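Here the structure comes first, spelled out in structure tokens, and everything after it is commentary.
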Amino acid sequence: MNGNQTAEETRKKAIRLFFAIWPDKETRMRLGRLAGRLASACEGRKIKTENIHLTLVFVGEVNTSQMTALYKTVDEIKDSGLRAFDLPIERICIWKRKNIVYAEISAIPQSLIDLVEALQSRLSSAGFSLEQRPYKPHITLMRNASCKTLPELAEPMVWRAREWVLVKSDRTSDGSVYTQIGRWSLEG
Ligand code: ATP
Ligand code: MG
């Protein structure tokens, strides 16, 4: 890197990041099948099976020099006794204001809130400016959706969250491509 970077060059080096919970293979396949069933009831853009996730905190565009601060923040959190949790899913819902169809978490575990709050407060202290809206956990299955009916789950499912991940999001002509660049365990 030289000292004469233009703002444009700096922007290009920035990467788009978010913290998330990623489904295990079985949960991913089940949610993927559910998203597939939505395609017959809804118009819109189905989320690809490999992209289905639960966002914890959206960090946004981060440049190389901010990565040290980001990993320092993770170091402060990763051994702080955050507990694993289960995400019960019983219902598919539509969020009219955002035009998304999502799998609802029917009971929000306190350990999920603890993880999100730890990330939010440490990241804010480290100088990252985060979304101010209250956290509303949801698993997006379709965007720009308009649905005649919503499918019902044949039976309730439970997504067991045992780790959290840091994900890079790249905009491509084929949509967003996500790459996990960090992964940390939850206790229990
Ligand atoms: P695309 O933007 O191409 O439709 P995407 O929204 O899945 O795809 P990103 O915009 O990189 O990809 O977002 C990554 C994750 O972060 C998604 O779960 C998205 O809903 C969430 N997210 C994006 N922007 C924000 C924001 N401003 N506040 C909160 N969450 C956000
Ligand atoms: Mg987006």
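Note that ligands are numbered from 1 as they come in the structure, with each ligand's atoms numbered from 1 the same way. This structure is a prediction, so every number in the text was calculated from the model and none was measured. Residue numbers run from 1 in the order of the sequence given.
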Quiz item: Listed by chain and number, what are the disulfide (SG to SG under 2.5 Å) partners of Cys147, not counting sequence neighbours?
Solution: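 So Cys147 forms a disulfide (SG to SG under 2.5 Å) with Cys42.
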
For residues 69-82, dump all side-chain donor-acceptor pairs below 3.5 Å to protein atoms at least two apart in sequence or in another chain.
from	atom 1	to	atom 2	distance (Å)
Thr73	OG1	Ala69	O	2.7
Glu76	OE1	Arg122	NH1	3.2
Ser80	OG	Ile77	O	2.6

Exercise answer: donor-acceptor pairs, residues 94-104 side-chain atoms, under 3.5 Å, sequence neighbours excluded:
from	atom 1	to	atom 2	distance (Å)
Glu104	OE1	Arg91	NE	3.0
Glu104	OE1	Arg91	NH2	3.3
Glu104	OE2	Arg91	NH2	3.1

Practice problem: State, without any angle test, whether Asp24 and Thr27 hold a side-chain donor-acceptor pair at a distance under 3.5 Å. | Solution: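 Result is yes, a qualifying pair exists.
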
Quiz item: Taking any residue with a non-hydrogen atom under 4.0 angstrom from an atom of ligand 1, which ones do you get?
Solution: Arg16, Phe18, Arg45, His53, Thr55, Phe58, Glu131, Arg143, Ser169, Arg171, Ser176, Tyr178

Quiz item: More than 12 non-hydrogen atoms from neighbouring residues, nucleotides or ligands closer than 6.0 Å to CZ on Arg183, yes or no?
Solution: no

Quiz prompt | Atom of His53, atom of Ile139 and distance for their closest heavy-atom approach | solution = O-CG2, 3.8 Å

